[in-house]
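We count ligands from 1, going down the list as the structure has it; atoms in each ligand are counted the same way.
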Amino acid sequence: MKITGVELRRVAMPLVSPFRTSFGTETERDVLLVKVVTPEAEGWGECVAMSGPLYSSEYADGAADVMRRFLIPALAALPDAGAHAAERALAPFKGHRMAKAALETAVLDAELRAAGTSFASFLGASRDRVPCGVSVGIMDSIPRLLDAVAGYVDEGYVRVKIKIEPGWDVAPVRALRERFGDDLLLQVDANAAYTLVDAPHLAELDAFGLLLIEQPLAEDDLVQHAALAKRLRTPLCLDESIESARDAAAAISLGACSVINVKAGRVGGYLEARRIHDLCRAHGVAVWCGGMLETGLGRAANVALAALPGFTLPGDTSASRRYYATDVTDPFVLQDGHLPVPTGPGLGVTPVPEILDEITTFREWIPA
Ligand code: NPQ
Ligand code: MG
């Protein structure tokens with residue numbers, strides 16, 4: 001499979017409601033999509049970088065730049081560009097994992113479409129549907145949070161995660177327990193908003209039977225996460241800190257976490273994401289599939305990944321309408337709290353051309 005060229009596309013997708021985290025408020029998803037063209041098939045990838053470097057150091061314009069200057073030329077030089085060859089060709093370039101993941105995913109999609117194999121079957125999925133959780137942003141008040149969560153529970157979500165930050169943590173969790181009871185699967189995500197000084201305060205969350213607390217401390221501090229984990233009964237989950245299978249191995253050895261949020265974009269692609277799954281499964285560390293407000297393209301790949309046997313906790317694999325009134329693909333619709341794993345070749349979904357064109361803000365063709 002020789003690459004003919006790559007199309008970069010920026011699309012603007014308004015969110016159905018603002019999404020506030022400890023690092024900011026998003027009202028629109030500004031996404032970079034890539035399409036890899038080969039004589040046999042086309043493949044799609046979605047770059048999960050935000051428009052600004054707030055969740056991680058990567059950002060959409062930076063990802064597009066490193067793709068066009070370095071990553072796409074390296075792929076274009078390959079005589080036979082499968083996903084494994086693509087991963088090897090991109091490895092010499094440091095960092096830029098979200099940019100690499102988007103390209104590797106597009107190459108894999110093209111490869112699998114040509115072979116008639118689905119992402120799920122390529123990755124080793126063991127289920128045909130996955131249970132879905134929902135990530136709920138920081139709200140202006142507790143009544144608003146309770147209303148929002150009630151809506152999601154009514155829709156059927158099997159697990160709720162709320163974003164927390166200093167000043168919005170124990171009280172909202174207590175209110176959720178009072179309103180929805182102890183049976184609601186509930187977890188919290190701090191996106192690195194605390195320091196180890198907050199350990200006694202975070203330990204107050206132990207009273208509420210949370211599934212886990214996600215990324216309480218800085219992304220580059222496994223040692224302090226290990227110290228914090230010893231002081232909490234709530235299982236500690238890492239997100240931003242885990243950028244590779246090597247990071248996951250280090251975190252497990254250090255006792256920095258007992259759960260890992262796997263996001264293929266954050267770790268450089270679905271091949272590395274699967275390695276983290278395999279490593280965690282061997283160590284009895286639970287994994288679940290995170291989300292980055294993906295369009296239907298990224299969502300399809302996430303749902304396939306979440307169908308692997310080691311994904312024992314519900315993921316942030318929400319339905320399209322959690323974020324978007326109109327998705328670029330046929331929407332993912334929740335059925336009894338689950339999403340169906342796509343079965344068609346590759347991602348099993350394609351962008352609807354008219355919708356894609358309508359939301360495109362920038363388009364560039366890079367010939368190989
Ligand atoms: C997390 N995702 O687990 C991330 C953070 C996040 C579903 O909670 C635009 C693009 C806005 C990516 C907001 C969820 C985002 C984003 C939050 C990612 O930490
Ligand atoms: Mg997170």
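Closest to atom 16 (C) of ligand 1, if we only count protein heavy atoms, is Leu293 CD1, 4.0 Å.
At a heavy-atom cutoff of 4.0 Å, ligand 1 is contacted by the side chain of Asp189 but not by its backbone.
When you scan the N, O or S atoms of Glu214 for the one nearest the Mg ion (ligand 2), you land on OE2.
The closest heavy-atom contact to atom 18 (C) of ligand 1, among the options Glu26, Glu240, Met292, Glu294, comes from Met292. Of the candidates Cys237, Ser135, Ser22, it is Ser135 that places a heavy atom closest to atom 8 (O) of ligand 1. Considering only non-hydrogen atoms, atom 1 (C) of ligand 1 lies nearest to Lys263 out of Lys263, Met50, Gln215, Glu214.
Below 4.0 Å from some heavy atom of Tyr323 lie the following atoms of ligand 1, by number and element: 7 (C). Close approach to Asn191 involves these atoms of ligand 1, each under 4.0 Å from a residue heavy atom: 1 (C), 19 (O). Those atoms of ligand 1 with a heavy atom of Tyr55 less than 4.0 angstrom away are 19 (O). Interface of Asp239 with ligand 1, defined as ligand atoms under 4.0 Å from a residue heavy atom, comprises 1 (C), 3 (O), 19 (O). Of all atoms in ligand 1, numbered sequentially from 1 with element shown, those under 4.0 Å from a heavy atom of Phe23 are 6 (C), 13 (C), 17 (C).
At least one heavy atom of Gly291 sits closer than 4.0 Å to an atom of ligand 1.
Around the Mg ion (ligand 2), the two atoms OD2 of Asp239 and OD2 of Asp189 are separated by an angle of 180°, to 10 degrees.
Trp44 does not carry Arg9 over the face of its six-membered ring by the limits of under 6.0 Å from the centre and within 45° of the normal. Geometrically, Arg274 engages Phe122 in a cation-pi contact, judged by NZ or CZ lying under 6.0 Å from the ring centre and within 45° of the ring axis. The cationic atom of Arg322 (NZ for Lys, CZ for Arg) does not lie both less than 6.0 Å from the six-membered ring centre of Phe332 and within 45° of the ring axis.
By the neighbour-count criterion of 12 heavy atoms within 6.0 Å, atom CZ of Arg179 is densely surrounded, having more than that number from other residues, nucleotides or ligands.
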Residues Arg275, Glu87; criterion salt bridge (charged side-chain N to carboxylate O under 4.0 Å, His left out); working and verdict: CA-CA 13 Å; Arg275 283 181 207 113; Glu87 184 183 46; 2.8 Å; yes
Salt bridge (charged side-chain N to carboxylate O under 4.0 Å, His left out) between Glu214 and Lys163, worked out: CA-CA 9 Å; Glu214 180 178 345; Lys163 294 292 192 177; 5.5 Å; no
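With contacts defined as side-chain heavy-atom distances shorter than 4.5 Å, the pair Val328/Met13 qualifies.
Close N/O approach between Lys161 and ligand 1 is found [any backbone or side-chain N/O within under 3.5 Å].
Ring geometry for Phe311 versus His277: interplanar angle under 30°, hence parallel rather than tilted (30 to 60°).
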